[in-house]
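Report on the following structure.
Proteins come first, then strands; the chains are lettered A, B, ... in the order of their sequence lines, and each starts at number 1. Just so we're clear, the structure is a prediction, and the values are computed from it rather than from any experiment.
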Number of protein chains: 2
Amino acid sequence: MTLRDVAELAGVSSRTVSNVVNGYANVTERTRLRVQQAVDQLGYRPNVLARNLARGRSGQIAVVVPYLDTPYFSELLQGIIRAARVQGYNVLIDQTDGDREHERMLINHGSSRLLFDGVIFSPLGLSQQALADRDPDLPLVVLGERVSDGTFDHVGIDDVTASRQATEHLLDLGRTRLAAIGDQPYETGEAAQLRTRGFREAHERRGLPVREDLVIGTPRFNRVDGAGAMAHLLDRDDPPDAVFCYSDLVALGAIHTLVGRGLRVPEDVAVIGYDDIEDGRYSNPPVTTISPDKEMIATTAVERLLLRIGSATAPPGLELRAPHRLVVRESTAGRRAG
Amino acid sequence: MTLRDVAELAGVSSRTVSNVVNGYANVTERTRLRVQQAVDQLGYRPNVLARNLARGRSGQIAVVVPYLDTPYFSELLQGIIRAARVQGYNVLIDQTDGDREHERMLINHGSSRLLFDGVIFSPLGLSQQALADRDPDLPLVVLGERVSDGTFDHVGIDDVTASRQATEHLLDLGRTRLAAIGDQPYETGEAAQLRTRGFREAHERRGLPVREDLVIGTPRFNRVDGAGAMAHLLDRDDPPDAVFCYSDLVALGAIHTLVGRGLRVPEDVAVIGYDDIEDGRYSNPPVTTISPDKEMIATTAVERLLLRIGSATAPPGLELRAPHRLVVRESTAGRRAG
DNA sequence: CATGCTGTTTGCAGCGCTGCAAAATCGTAG
DNA sequence: CTACGATTTTGCAGCGCTGCAAACAGCATG
């Protein structure tokens, strides 16, 4: 069942059938109808493989995330898949586990050419330098907290501001001993560092000192890390009365520890998270959080990537900021927020 | 940078380069070395598009799930992706939202041929009949609770037994008023119905009557459904003292409602879930659950699918059962389980 | 009725690889 | 030294489609 078969039945050239199938301009209504009829009659469906080869494009984009089972990413992915499909693109999903080598390979087109036409990439293990050293011909959009060097687009929210707002929210509640869970003071921890900066800024604005001993690092941003760090904090002489967690998962882990120790949230310790994942809305108590506009991030990323793929000369790398907002729930405001 | 370029540099035919690149047998060590050197020198990487066209296979499999942000699926997906990659296959992920039409399209090769060589499918909206009416040439492995009609493989756990065990666990705790949340007494709700059957069997074995008014249906298996159904149950004159939830998400939603109403879990109401998602381990309290061996399900599904793809004559459709176990946590056993 | 114009259709080459079968090479035995 | 089987290498065709540019309308104009 090839173009040629359809062409024969319709009494036109195969090139014309191709034109019809692809909705190209300049086809008479008469021929279009005749071809369409033949297509329907034979149940013809184009062979993507051949099309891809001829076009030199795969019609696929890769989305590279560190972890797939992280709700934040799977929620984001849904938006990306939807947006890509609308444009006739398929999405290949890749999980790197933050593995540096794996990440490097992927932004260099993987092990074979043309599997995907571009990448939406959420780096974890990769340094800014490694990003710069990538295959320059592979269209790239970066998510998260990197800064564009001008050769790719970067989509994210304003982390420093968001983190400052989160911290200010805790201060507004009258809390005085604020902890932060999730700092990563090393090269690849830029995301975390921006949040720490926001945390500090909030203190500075109020003229308050940062309780340095309550700023805790974690290797990742999930429940276990949060639970462990919280336990650590509670063992201090002067434990915190509020915690800024660098992700909702961390917050859920922290709450888990708190409740496990018989402490009340938020009465004894207020907890704020980051990401606004669905779990946080149905936890006990529901988690106050910074909510990035994920839909916007997803569509913007896809849009920019396809633009890059489509244009012969690479457009300049943009810094794109999606909006975010503070969503107050019970984990800081208490029952009245529910 | 094509095979031909490499061939020229190495002084062999392009076919030989192809043989080397693909690790085919019958290549002298000497030539292999020479070719490999040329490959490295030129940084040659095969063009997957061309390879796919020539081979008539895309090297991709589609995984079709109803919802991507459901932790159960994203956890399963990770295993599938890993298993597929090992075999040199890529995974295309598709979310259907349970849409019947979308599902039907996908098990008929989508809108174009050869995008994927086979499908791992977790049906939701599709009836048994629709499954049977699919494109018979598309290798298919079904996950979940369908029964194979002999033309595809089916991988799942023994839902009836698992559900019976879950229910028996509640009865063992001395609970007498058992509720079940998640029944779906209609054509496409087979998964739910098997669980309800297990729920009944447990009662029958003990010679106890099923409290029919405490068997609650829900359209889906997530938090909101669980929260709503639980609220509903608590408004009864004679509310349950134990609840069997047909997914962990439902259980989390139910617990949310319970705690919100000031009830204690498990003292007032014991809650058991299904799926053993990570969230359930870090919730308050941690959720007792039926834990399917997801790793096993994933690898089995991939293995069987690739076998189908590889063999000219379709192998018989198998019913494959992955093991499961009951994991007891605090939501039924109380603090001592933690 | 020739001319030029726009709009439509066509033919051909080729994307880069692999399947197939033939050709070349090698090693061994007669 | 020749013949033969086994192994290694090669040549060719073609997967099914699209890019390109040429060919062919159809139509209005001079």
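Regarding B:R57, its CZ atom lies at a distance of 22 Å from the P atom of C:dG16, rounded to whole Å. Between the C1' atom of C:dG19 and the CG atom of B:L53 lies a distance of 13 Å, rounded to the nearest Å. In this structure, CG of A:N22 is placed 8 Å from C1' of D:dT18, rounded to the nearest angstrom. Rounded to whole angstrom, the span from the CG atom of B:L114 across to the P atom of D:dG16 amounts to 9 Å. In this structure, the CD atom of B:E29 is 14 Å from the C1' atom of D:dT8, given to the nearest Å. Whole-Å rounding puts the A:N26 CG to D:dA25 P distance at 17 Å. Atom CG in B:N52 sits roughly 13 Å away from atom C1' in D:dG16 (whole-Å rounding).
A distance of 10.5 Å separates OG1 of A:T299 from CD of A:Q87, quoted to the nearest 0.5 Å.
B:T300 contributes a side-chain N or O that, together with a main-chain N or O of B:M296, makes up a donor-acceptor pair within less than 3.5 Å. Side-chain atoms of A:S311 never come within 3.5 Å of backbone atoms of A:A314 as a donor-acceptor pair (strictly under, hydrogens ignored). Not one N or O on the side chain of B:D40 forms a donor-acceptor pair closer than 3.5 Å with the backbone of B:Q37.
Taking a cutoff of 4.0 Å between a charged side-chain nitrogen and a carboxylate oxygen, A:E29 and A:R32 qualify as a salt bridge. A salt bridge is absent between B:R308 and B:D117: the closest approach of a Lys/Arg side-chain nitrogen to an acidic carboxylate oxygen does not fall below 4.0 angstrom.
A heavy-atom distance below 4.0 Å to DNA chain C is reached by none of the residues of residues 34-50 of chain A.
Partner A:L92 forms a side-chain contact (heavy atoms from CB on, under 4.5 Å) with one of A:V119, A:I61, A:L115, A:V63 and no other, that one being A:L115.
Between A:Y67 and A:Q95 the shortest heavy-atom distance is CA-NE2, 3.8 Å.
Close to D:dT18, at under 4.0 Å from its OP1 or OP2, lies a side-chain N or O of A:R51. OP1 or OP2 of C:dT8 has not a single side-chain nitrogen or oxygen of A:T28 nearer than 4.0 Å. Remark: B:Y24 is in phosphate contact with C:dG19, judged by side-chain N or O atoms under 4.0 Å from OP1 or OP2.
Taking the side chain of B:R55 as heavy atoms from C-beta on, and the options C:dG16, D:dC17, C:dG19, the nearest nucleotide is C:dG19.
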With 3.5 Å as the limit, what N/O pairs link the protein to nucleotides 10-13 of chain C?
{"from": "C:dT10", "atom 1": "OP2", "to": "A:S13", "atom 2": "N", "distance (Å)": "2.9"}
{"from": "C:dT10", "atom 1": "OP2", "to": "A:S13", "atom 2": "OG", "distance (Å)": "3.1"}
{"from": "C:dT10", "atom 1": "OP2", "to": "A:T16", "atom 2": "OG1", "distance (Å)": "2.5"}

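Residue-to-nucleotide proximity on DNA chain D shows that, of B:T31 and A:L3, the 5′-proximal contact is made by B:T31.
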Inset, instruction - Start with the C-alpha distance between A:R104 and A:D135, add both sets of side-chain angles, then the distance that settles salt bridge (charged side-chain N to carboxylate O under 4.0 Å, His left out), and finish with yes or no. - result: CA-CA 10 Å; A:R104 190 203 312 281; A:D135 177 349; over 6 Å; no

